[in-house]
Number of protein chains: 4
Amino acid sequence: MHSVKPIGKREQTKLNNRESILNAAREVFAELGYGATTVRDIIRKTGLASGTFYNYYKSKEEVFEALMDDGMRRIRPRLKADRIRSRNFEEFIRNAFRTYFDYLASDRMTFQIIRRNPASLRVRMDTPEMIAGFEEIREYIEEDIRDGNVPPVDSEYLMAAVVGIAMEIGDRMIKRPELNATEAADFATTLVLHGFHALPIKTDAQQK
Amino acid sequence: MHSVKPIGKREQTKLNNRESILNAAREVFAELGYGATTVRDIIRKTGLASGTFYNYYKSKEEVFEALMDDGMRRIRPRLKADRIRSRNFEEFIRNAFRTYFDYLASDRMTFQIIRRNPASLRVRMDTPEMIAGFEEIREYIEEDIRDGNVPPVDSEYLMAAVVGIAMEIGDRMIKRPELNATEAADFATTLVLHGFHALPIKTDAQQK
Amino acid sequence: MHSVKPIGKREQTKLNNRESILNAAREVFAELGYGATTVRDIIRKTGLASGTFYNYYKSKEEVFEALMDDGMRRIRPRLKADRIRSRNFEEFIRNAFRTYFDYLASDRMTFQIIRRNPASLRVRMDTPEMIAGFEEIREYIEEDIRDGNVPPVDSEYLMAAVVGIAMEIGDRMIKRPELNATEAADFATTLVLHGFHALPIKTDAQQK
Amino acid sequence: MHSVKPIGKREQTKLNNRESILNAAREVFAELGYGATTVRDIIRKTGLASGTFYNYYKSKEEVFEALMDDGMRRIRPRLKADRIRSRNFEEFIRNAFRTYFDYLASDRMTFQIIRRNPASLRVRMDTPEMIAGFEEIREYIEEDIRDGNVPPVDSEYLMAAVVGIAMEIGDRMIKRPELNATEAADFATTLVLHGFHALPIKTDAQQK
DNA sequence: CATGAATGAGCATTCATTCAT
DNA sequence: AATGAATGAATGCTCATTCAT
């Protein structure tokens with residue numbers, strides 16, 4: 001077996017540069033917050049020449065979008081897998097929350113962009129990839145409605161609720177001293193499936 | 001009968017200026033998005049001299065914070081009233097969602113700040129007032145736990161879920177052609193109280 | 001008698017700054033040529049802060065235009081005076097050329113912008129003021145046509161010819177070791193009035 | 001029979017590239033104006049790689065010069081022919097103007113470089129070729145002075161006047177709705193030969 | 001307390017040019 | 001000879017902020 005697609009030195013450099021910029025951006029965003037970050041900050045951390053940056057992205061917005069899309073792109077296949085291996089809506093919701101909180105815990109750094117900011121300004125970008133991800137969830141819901149597994153509810157609102165819960169709980173989760181994705185997923189799942197009075201009881205160990 | 005609290009001409013001017021700045025800011029933020037707005041833009045719309053601005057606020061962050069706090073300050077008393085007149089947790093949740101979605105519908109403009117942005121960048125600022133508002137909700141929950149009205153669940157996560165649901169559903173609501181705060185409140189309430197299978201059935205009239 | 005319009009310190013500064021910028025620009029343009037000059041070069045020579053420049057002009061084009069207009073504005077009244085005191089077209093042409101070449105000789109510097117450039121790039125800006133000046137000449141011609149002093153010729157072309165002659169001869173004049181505006185004016189006038197065979201004979205003294 | 005000067009494939013490519021660059025430059029200059037045009041713009045329109053450009057010219061100045069020279073080089077032989085076939089100075093002047101205005105009408109595009117510019121900045125480059133062309137005219141004049149056909153006038157000024165008339169009238173000509181090189185040539189010729197009162201009368205057809 | 005011009009640090013961006021491939 | 005990504009100096013310009021009036 002041999003390398004199917006040999007990569008020239010030029011191609012390699014380009015790949016590396018793109019990667020460098022993304023990494024630098026991730027760090028700077030996490031450090032300074034999105035609003036305070038300037039293109040120059042990213043370039044500085046990159047070590048590349050300023051002109052080079054513009055061969056890859058043309059604004060910090062574009063880098064940020066790439067970063068967000070990157071995250072979403074990693075999640076969506078898992079979400080699709082969740083969907084396939086779940087036997088019913090309950091299971092899908094459970095798996096999806098689990099997937100999301102696990103991912104969050106592992107890539108904590110990217111998502112801390114949100115924090116740090118002096119005035120704690122939170123930023124979220126609805127990139128095409130993210131919107132597509134949300135829509136996918138919505139479609140799953142509609143499929144289940146069609147199949148009679150879910151009552152004919154407002155699928156957009158249900159999706160929104162799921163997303164909102166994931167975001168806010170996820171946000172609190174990564175601020176806690178020790179990350180417990182399972183706990184967060186259980187909480188979110190139960191709430192969506194059965195409402196607050198079915199929520200897991202908090203044992204002493206979980207109190208701070 | 002006389003004016004209980006006579007206001008000097010100077011005081012009045014100060015009040016007016018503060019108000020002008022806030023209004024100008026609200027409009028500019030809604031128009032340009034938070035990120036793209038500069039202090040200059042706000043000043044320009046104000047008609048005041050640039051130096052004057054700094055007698056009131058010292059950055060766009062501060063104005064934005066004031067704007068957000070303003071909203072929160074208007075909501076919190078209502079939330080407290082909701083709390084008082086509610087006989088149980090269920091009622092409180094219902095009233096709180098209702099209050100929030102009604103407010104959102106009435107002050108749609110301020111909240112559209114979030115939108116508009118070319119790259120659809122969403123900005124949210126966790127001002128002290130907002131955090132306090134969230135904490136208040138959390139305390140209500142804990143009170144109810146202590147009183148045995150609510151099982152001893154993770155109050156922070158429950159609060160986060162409620163907030164997340166309110167935000168995301170609220171967000172979708174104001175994007176819909178006709179605003180229906182009742183519908184949104186019913187949806188959110190039922191989800192939190194009994195889970196998704198109890199959600200209101202979508203009638204034909206609601207489908208597009 | 002007293003100063004009718006006392007000028008505050010602020011006004012004075014503004015006047016001075018405008019003047020400084022214009023002077024700096026004139027020098028830099030003369031030194032580097034129009035094309036090679038950058039706004040920063042002008043600012044540098046000015047000594048003012050960079051932002052200050054933009055309070056007065058918003059590009060080098062605008063400064064250049066101001067400079068050109070400035071020259072034209074100084075000439076036009078004299079041209080009008082020439083017109084008034086001339087008893088016929090011949091006299092007007094003679095006086096006008098004379099006025100122009102005199103001005104050129106006195107303000108040689110501004111017009112040397114044109115020169116110096118490595119590739120000897122010549123630049124001319126048709127500012128509104130200049131166009132107006134040309135049109136004025138044209139109108140004088142048309143007036144004379146109406147009055148029967150000049151045959152009904154193509155006034156635009158005649159104006160163009162006069163302008164072209166003035167420019168090119170003027171250009172050669174300021175490059176000569178010693179400026180002789182009278183000689184240039186005589187030459188141009190005779191050519192326009194009677195054609196080349198009536199041109200003044202060049203004496204030995206004038207040959208180089 | 002065989003090709004007298006066989007051209008290798010390499011030579012052909014080089015010729016093509018040179019041609020491409022010149023054509024691209026002509027278009028870009030006409031579109032953007034000289035000042036606003038960058039080497040990049042030219043390269044982009046060319047389709048060649050940026051490095052390739054530098055194998056042929058080393059700046060936009062050089063390309064512009066080549067472009068101007070190109071025009072001059074096409075005119076000069078015709079001017080020389082005019083000279084030869086003219087029996088006297090009058091005829092030469094007439095033919096020369098005619099040649100120039102015809103050329104202008106046919107290559108209108110190149111000369112519109114001058115126009116277009118937002119601030120109506122007019123650019124003229126005195127390339128060696130152009131200077132040589134002007135000098136040639138001057139030499140013809142001096143020859144005629146030596147031969148006694150023309151009185152001993154200031155040949156530089158006369159040449160300058162002819163050039164100035166050609167330029168300014170030419171400029172107006174190409175701005176007119178329908179190009180009439182004959183009319184322009186007649187006008188210019190008569191002015192130089194006999195002065196303004198001999199100028200062709202403008203018939204009604206020519207008035208707008 | 002209002003005013004608004006001056007300030008200059010700092011930013012985004014472009015661009016001519018080089019040079020390894 | 002052609003290519004096109006990398007380079008980094010340099011530019012135009014904005015902006016928050018100050019402070020004399």
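Every chain is numbered from 1 and lettered A, B, ... according to where its sequence line falls, protein lines coming before strand lines.
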_Value rounded to 0.5 Å, distance of CG in Asp41(C) from CD in Glu27(C)_ = 12.5 Å

*Nearest nucleotide by nearest heavy atom, which residue falls closer to the 5' end of DNA chain F, Asn17(A) or Val39(C)?*
Asn17(A)

*OP1, OP2 of dT13(E) versus side-chain N and O of Lys58(A): anything below 4.0 Å?*
no

*Of the listed nucleotides dG10(E), dA6(E), dA16(E), the one nearest the side chain of Thr13(C)*: dA6(E)

*Rounded distance (Å) that lies between atom C1' of dC11(E) and atom CD1 of Ile42(A)*: 13 Å

*asked:* Can you identify which nucleotide, out of dC13(F), dG8(E), dT3(F), has its nearest atom closest to the Arg40(C) side chain?
replied: dC13(F)

*Between CG of Asp70(B) and CG of Leu22(B), what distance do you get to the nearest 0.5 Å?*
6.0 Å

*Considering only side-chain heavy atoms of Tyr56(A), which listed nucleotide, dT18(F), dT14(E), dA6(F), is closest?*
dA6(F)

_Please compare Gly51(C) and Leu48(A) by the position of their nearest nucleotide in DNA chain F and report the one closer to 5'._
Leu48(A)

*Please check the phosphate of dG4(E) (OP1 and OP2 only) for any side-chain N or O of Ser50(B) closer than 4.0 Å.*
no

*Among the candidates dA2(F), dT18(E), dA5(E), find the nucleotide nearest to the side-chain atoms of Tyr54(D).*
dT18(E)

*Nearest whole angstrom, please: distance from the P of dC13(F) to the CD1 of Ile43(C).*
9 Å

_Watson-Crick or G-U counterpart of dG8(F), or none if no pair lies under 3.5 Å_ = dC15(E)

*Determine, for Tyr57(D) and Arg18(D), whether the Lys NZ or Arg CZ falls below 6.0 Å from the six-membered ring centre while staying within 45 degrees of the axis.*
yes

*About how many Å separate OH of Tyr56(C) and CD of Glu62(C), when rounded to the nearest 0.5 Å?*
14.0 Å

*Which residue lies toward the 5' end of DNA chain E, Gly47(B) or Thr38(D), if each is placed at its nearest nucleotide?*
Gly47(B)

*Under a 3.5 Å limit for both distances, which nucleotide forms a Watson-Crick or G-U wobble pair with dA1(F), could you say?*
none

*Assign Thr52(A) to base, sugar-phosphate, or nothing according to its heavy-atom contacts below 4.0 angstrom with the strands shown.*
base

*Can you tell me if the side-chain N/O atoms of Asn55(C) get under 4.0 Å from OP1 or OP2 in dA6(E)?*
yes

*Could you give the CZ-to-C1' distance, from Arg44(A) to dA12(E), as a whole number of Å?*
12 Å

*For the pair made of CD in Glu11(A) and C1' in dA20(E), what is the distance, rounded to whole Å?*
13 Å

*Gln12(A) CD to dT21(E) C1': how many Å, rounded?*
15 Å

_Arg18(D) CZ to dA2(F) P, straight-line distance once rounded to whole Å_ = 11 Å

_Expressed as a whole number of angstroms, how long is the span from Asp41(D):CG to dC15(E):C1'?_
10 Å

*Measure the distance from CZ on Phe53(B) to C1' on dA5(E) and round it to the nearest whole Å.*
19 Å

*Would you say the side-chain atoms of Lys45(D) pair up with the backbone N or O of Val28(D), donor to acceptor, closer than 3.5 Å?*
no

*So which nucleotide does dT14(F) pair with, by the Watson-Crick or G-U wobble rule with both distances under 3.5 Å?*
dA9(E)

*asked:* For a 4.5 angstrom cut-off between non-hydrogen side-chain atoms, does Arg40(C) reach Phe53(C)?
replied: no

